[in-house]
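Below: the structure, in structure tokens.
This structure is a prediction, so every number in the text was calculated from the model and none was measured.
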Amino acid sequence: MHNNTNAAVSVSLRADDSSGAPLGAGVTVSIPANATVFKTATDVGVPVNVHSGIVLTHNGAVGAISGNVTTLNGANGLSFDSPFTARSPAVLGRPSR
């Protein structure tokens with residue numbers, strides 16, 4: 001995750017299974033201005049070999065945090081990066097968290 005602003009941003013990550021139940025306790029980190037922090041699904045509390053969705057919330061403006069989600073498959077040697085940025089609450093149709 002990269003902080004695109006000139007001020008520290010607090011970022012919370014939590015994982016949910018396919019039914020929406022939480023996996024692990026989640027994690028909250030402070031990302032310094034214009035800095036990058038690396039976190040893995042294991043850091044968030046996802047058990048090994050378990051699929052989950054990761055929810056990221058932060059106290060910065062829309063677009064303050066960006067990053068890539070890297071998926072690795074050791075057996076097949078595959079990896080890909082999916083860039084992301086936060087979506088505006090207006091786009092989601094509901095209030096931000």
Side-chain angles (χ1 to χ4, degrees):
M1 299 172 289
H2 182 77
N3 179 353
N4 301 311
T5 71
N6 292 322
V9 175
S10 178
V11 178
S12 294
L13 300 164
R14 77 166 203 271
D16 296 330
D17 68 14
S18 60
S19 70
L23 292 169
V27 65
T28 299
V29 296
S30 180
I31 303 178
N34 298 305
T36 301
V37 170
F38 300 93
K39 289 293 171 193
T40 67
T42 304
D43 294 336
V44 179
V46 179
V48 174
N49 294 324
V50 172
H51 296 275
S52 71
I54 302 290
V55 177
L56 178 152
T57 57
H58 61 83
N59 65 349
V62 172
I65 300 296
S66 61
N68 282 320
V69 176
T70 302
T71 301
L72 302 173
N73 180 322
N76 296 319
L78 303 174
S79 70
F80 65 90
D81 288 335
S82 301
F84 69 85
T85 58
R87 292 177 282 182
S88 165
V91 172
L92 295 174
R94 60 182 187 261
S96 64
R97 296 184 209 182

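- Applying the side chain to side chain donor-acceptor pair (under 3.5 Å) criterion to S18, with sequence neighbours excluded, gives no partner residue.
- With sequence neighbours left out, S10 forms a side chain to side chain donor-acceptor pair (under 3.5 Å) with no residue at all.
- To the nearest 0.5 Å, atoms CG (L13) and OG1 (T57) are separated by 7.5 Å.
- At least one donor-acceptor pair under 3.5 Å links the side chain of N4 to the backbone N or O of G63.
- Take N6 and apply the side chain to side chain donor-acceptor pair (under 3.5 Å) test, not counting sequence neighbours, and it matches N34.
- Between V9 and G60, the shortest heavy-atom contact is CG1-N, 3.8 Å.
- Looking only at side-chain heavy atoms (C-beta outward), V11 and K39 stay at 4.5 Å or farther from each other.
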Review item, side-chain donor-acceptor pairs of residues 19-33, under 3.5 Å, at least two apart:
unit_1: S19; atom_1: OG; unit_2: D17; atom_2: OD1; d: 2.7
unit_1: T28; atom_1: OG1; unit_2: S12; atom_2: OG; d: 2.9

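- Side-chain atoms of H2 do not come within 3.5 Å of backbone N or O of I65 as any donor-acceptor pair.
- Residues S52 and V46 share a closest heavy-atom pair of OG-CG2, 3.4 Å.
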